[in-house]
Amino acid sequence: MRIIIEENYEDMSRTAASIVKDYVSNHPACVLGCATGTTPIGMYQGLVEAHREGKLDFSETRFFNLDEYCGLDPSNDQSYTYFMKEHLFDHINVRPEHIHLPDGMAGDIEAACRRYDAEIERSGGIDLQVVGIGINGHIGFNEPGDCFYPDTHKIALHESTIRANARFFSSIEDVPTEAITMGIRPILQSKMLLFLANGESKIDAVYGALRGPISPRLPASILQLHPNVVAVIDRSAAKRL
Ligand code: GLP
């Protein structure tokens with residue numbers, strides 16, 4: 001694992017964007033695994049800027065997102081579909097058929113999960129996977145629990161996640177209680193993994209992920225088994241490393 005500690009959020013974002021830019025430039029038809037949350041927003045801005053300057057072409061790149069809330073329509077501004085359009089897809093030359101997110105509105109969630117895994121597999125798997133981390137150590141919405149789930153699945157969000165994500169909704173009651181998340185297998189099988197974290201609230205989660213015992217109690221700790229991780233962390237989140 002390569003760990004890069006940056007001074008602040010802006011530097012973390014710039015470094016992350018340049019890693020993704022290099023990857024996409026060298027592998028234009030790659031499969032990019034995308035994360036949501038506040039952490040990667042600056043990185044997406046960097047990618048949009050590079051595209052606007054004519055330096056980055058996404059016409060062949062395929063995108064798979066880690067997760068989506070259940071029961072939020074894609075037009076809802078808190079859905080991850082909306083987030084991805086707002087921060088990336090609406091500003092780059094991605095082909096609509098190359099965009100994939102789990103279908104949180106599906107009538108048959110189990111079938112939607114199987115479809116998502118099949119689409120990932122048909123694409124040949126994730127090449128570069130970007131992940132953030134929840135304050136409880138989740139990746140995507142793989143929440144702390146008794147075991148790791150390999151496949152895409154529906155999950156009841158942990159109380160700490162609902163509390164953490166309430167800042168984006170008008171009230172805590174509006175936060176969805178369930179989500180669909182990619183499982184651990186495609187994340188671990190990605191060719192390269194870009195792990196991002198910033199801010200003091202992530203100190204313990206980052207320490208557990210990178211230095212703690214590998215345990216489903218802190219799902220991001222499984223990333224220690226990935227053979228090609230680049231972790232870009234700002235100084236405040238890296239305090240215990
Ligand atoms: C969300 C997402 C995760 C993300 C995490 C951290 O709930 N499901 O993919 O990594 O929480 O969010 P933030 O970057 O806003 O701290």
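The figures that follow rest on heavy atoms only: side chains count, while hydrogens, waters and symmetry mates do not. Small disclaimer: the values here were computed from a predicted structure and weren't measured. Whatever order the structure lists them in is the order used to number ligands and atoms, beginning at 1.
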> Between Lys239 and Glu200, does at least one N-O distance fall below 4.0 Å, as a salt bridge requires?
Replying inline: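 A salt bridge is present here (some side-chain N lies under 4.0 Å from a carboxylate O).
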
>> So that I can tick it off, tell me whether Asp146 and Arg217 are bridged by a salt bridge, with the cut-off set at under 4.0 angstrom between side-chain N and carboxylate O.
In response: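 Yes, charged N to carboxylate O under 4.0 Å.
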
>> With a cutoff of 4.0 Å, is Glu143 in contact with ligand 1, counting heavy atoms of the residue only?
In response: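 It does not; every heavy atom stays at 4.0 Å or beyond.
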
>> Below a 4.0 angstrom heavy-atom separation, can you tell me which part of Ile135, side chain or backbone, both or neither, approaches ligand 1?
In response: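 No part of Ile135 is near ligand 1 at this cut-off.
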
>> Under 4.0 Å, heavy-atom basis, I'd like to know which part of Arg167 is in contact with ligand 1: side chain, backbone, both or neither.
In response: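 For Arg167, only side-chain atoms sit under 4.0 Å from ligand 1.
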
>> Do Thr161 and His138 pair up side chain to side chain, a donor and an acceptor below 3.5 Å, judged on atom types alone?
In response: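 Per modelled atom types, Thr161 and His138 side chains form a pair under 3.5 Å.
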
> For atom 3 (C) of ligand 1, which of Gly134, Gly140, Cys34 has the closest heavy atom?
Replying inline: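 The nearest heavy atom belongs to Gly140.
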
Among protein heavy atoms, which sits nearest to [atom], and what does the distance come to when rounded to 0.1 Å?
{"atom": "atom 8 (N) of ligand 1", "result": "Asp67 OD2, 2.8 Å"}
{"atom": "atom 14 (O) of ligand 1", "result": "Thr39 OG1, 2.5 Å"}
{"atom": "atom 5 (C) of ligand 1", "result": "His138 NE2, 3.5 Å"}
{"atom": "atom 16 (O) of ligand 1", "result": "Lys202 NZ, 2.6 Å"}
{"atom": "atom 6 (C) of ligand 1", "result": "Ile133 O, 3.4 Å"}
{"atom": "atom 12 (O) of ligand 1", "result": "Gly37 CA, 3.9 Å"}

>> Check the orientation of Phe141 and Tyr80. Use parallel for under 30°, tilted for 30 to 60°, and perpendicular for over 60°.
In response: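 Because their plane-to-plane angle is under 30°, the rings of Phe141 and Tyr80 count as parallel.
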
>> Does the plane of the ring in Tyr69 sit parallel, tilted or perpendicular to the ring in Phe169? Use 30° and 60° as the thresholds.
In response: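 The rings of Tyr69 and Phe169 stand perpendicular, inter-plane angle above 60°.
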
>> One pair to check against salt bridge (charged side-chain N to carboxylate O under 4.0 Å, His left out): Arg14 and Glu10. What are the steps and the verdict?
In response: CA-CA 6 Å; Arg14 204 171 305 115; Glu10 287 68 34; over 6 Å; no

>> Starting from Leu66, can I reach Leu193 by hopping between I/L/V/M/F/W/Y residues whose side chains sit under 4.5 Å apart?
In response: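 Yes, Leu193 and Leu66 fall within the same hydrophobic cluster.
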
> Testing Asp103, Leu101, Ile99, Asn65 for side-chain contact (heavy atoms from CB on, under 4.5 Å) with Thr81, which one passes?
Replying inline: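 Result for side-chain contact (heavy atoms from CB on, under 4.5 Å) with Thr81: Leu101.
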
> Any idea which atoms of ligand 1 are less than 4.0 Å away from a heavy-atom of Tyr80?
Replying inline: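 So the atoms of ligand 1 that pass are 1 (C), 2 (C), 7 (O), 8 (N).
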
>> So if I count the atoms of ligand 1 from 1 in the order they appear, which ones are less than 4.0 Å from some heavy atom of Thr36?
In response: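 Within the 4.0 Å cut-off of Thr36, ligand 1 contributes 4 (C).
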
> Do any nitrogen or oxygen atoms of Phe141 come within less than 3.5 Å of a nitrogen or oxygen of ligand 1?
Replying inline: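 Such a contact does not occur with ligand 1.
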
> Stepwise, does the salt bridge (charged side-chain N to carboxylate O under 4.0 Å, His left out) test hold for Arg115 with Glu119?
Replying inline: CA-CA 6 Å; Arg115 247 191 340 264; Glu119 280 167 5; 5.2 Å; no

